[in-house]
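Have a look at the structure below before the remarks.
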Amino acid sequence: EYSIASLPAEGQVQLLLRRLLRPDGTPGLGSGWLCDHATLGGRIDLRFRSNPNFHAPPPDAPLILIGNGTGIAGLRAHLRARVELGAARNWLLFGERTAAHDFHFGDDILGWQRAGMIARLDTVFSRDGGVHRYVQDRLLAELDTLRQWVRDGATILVCGSLQGMAPAVDAVIEQALGHEGKEALIVAGRYRRDVY
C-alpha cells in the first residue's frame, strides 16, 4: 500500500516510493516490482483504498502536517486539496536525508509557500547538518508555536516512519500538551497518524 500524492483533478496517480531491500538483499515486493519491472508508460492494474481515519479538518481550521521520507506523499495530497479550497493556515514540518536529492515535491511546496498557502514551512535534512537533524527535533524547538496552533483549533496529521519519527513526534506532542491534552486531541479526531 502506498499513499497517493495527487488528487483526481490532476489526472494521474502520483506515488512516491523508495526501493526497499530486505536483509538478504532481495527487493521488497511492491517497490522492487515497481522499480525493477514495471514499464515506463505501461499499464498497471491497482486498487484504491480509502483511509477515512486520515482526513484534514474543514478549510477554516488550521492544519499541522508532520512527516518524513515517503510520508510526504500523503501530506502533499492534503496540501494540494487545501490549496484548491483556499485554506492557507497550514504548517508543514518535513524531514529527509538531503535537500539536494530528497526534497520530494519541493517545487510544489515552495510554490505554495510563496503563494501564501503554507503559513509555516520547516524542513530538516539529517545529512546536511544544521541545528536540527530530525522532524521531532524541529518540533521540540517549537513547543510554544505548537501549543498556539492547537489552541487555535489545529488538527495534526503525521505521515511517515513508524520507527523513529512517529513515536518521537508523539512524545513531543505529549510534552507540549500533556498526556490528557494529547488524548483529547485523539478523541476529537484532531491528531491522526498514517505511519508504516
With respect to Leu92, which candidate in Leu121, Thr123, Leu63, Ile66 satisfies the side chain to side chain contact (heavy atoms under 4.5 Å, CB included) definition?
Leu121
Tell me the salt bridge (charged side-chain N to carboxylate O under 4.0 Å, His left out) pairs involving residues 69-80, sequence neighbours left out?
Glu10-Arg76, Glu10-Arg80, Arg76-Asp108, Arg80-Glu84
Is the backbone N or O of Trp33 less than 3.5 Å from a side-chain atom of Asp36, with the two atoms forming a donor-acceptor pair by type?
no
Checking side chain to side chain contact (heavy atoms under 4.5 Å, CB included) between Ile156 and each of Leu139, Ile186, Val150, Leu65, which is the one that passes?
Val150
Going by distance alone, is a donor N or O of one side chain under 3.5 Å from an acceptor N or O of the other, for Tyr2 and Ser31?
no
With no hydrogens and no angle check, is any side-chain donor or acceptor of Arg192 less than 3.5 Å from a backbone partner on Gly189?
yes
For Trp91, the side-chain hydrogen bond (donor to acceptor under 3.5 Å, both in side chains) test, sequence neighbours excluded, returns Asp122
Considering the options Leu93, Thr155, Leu157, which one meets the side chain to side chain contact (heavy atoms under 4.5 Å, CB included) requirement together with Ile64?
Leu93
Run the salt bridge (Lys or Arg N to Asp or Glu O under 4.0 Å) check on Asp102 and Arg127 step by step: do they pass?
CA-CA 11 Å; Asp102 302 309; Arg127 295 184 182 170; over 6 Å; no
Applying side chain to side chain contact (heavy atoms under 4.5 Å, CB included), run through Cys159 and Phe54 and close with a yes or a no.
CA-CA 9 Å; Cys159 192; Phe54 196 68; 3.9 Å; yes
Applying side-chain contact (heavy atoms from CB on, under 4.5 Å), name anything that partners Ala61, two or more places apart in sequence or on another chain.
Pro57, Pro58
State, without any angle test, whether Asp144 and Gln148 hold a side-chain donor-acceptor pair at a distance under 3.5 Å.
no
Strictly distance-based, threshold 3.5 Å: is any side-chain N or O of Asn90 a donor or acceptor partner for the main-chain N or O of Pro62?
no
Please walk me through it: do Leu79 and Ile118 pass side chain to side chain contact (heavy atoms under 4.5 Å, CB included)?
CA-CA 8 Å; Leu79 276 171; Ile118 297 177; 4.0 Å; yes
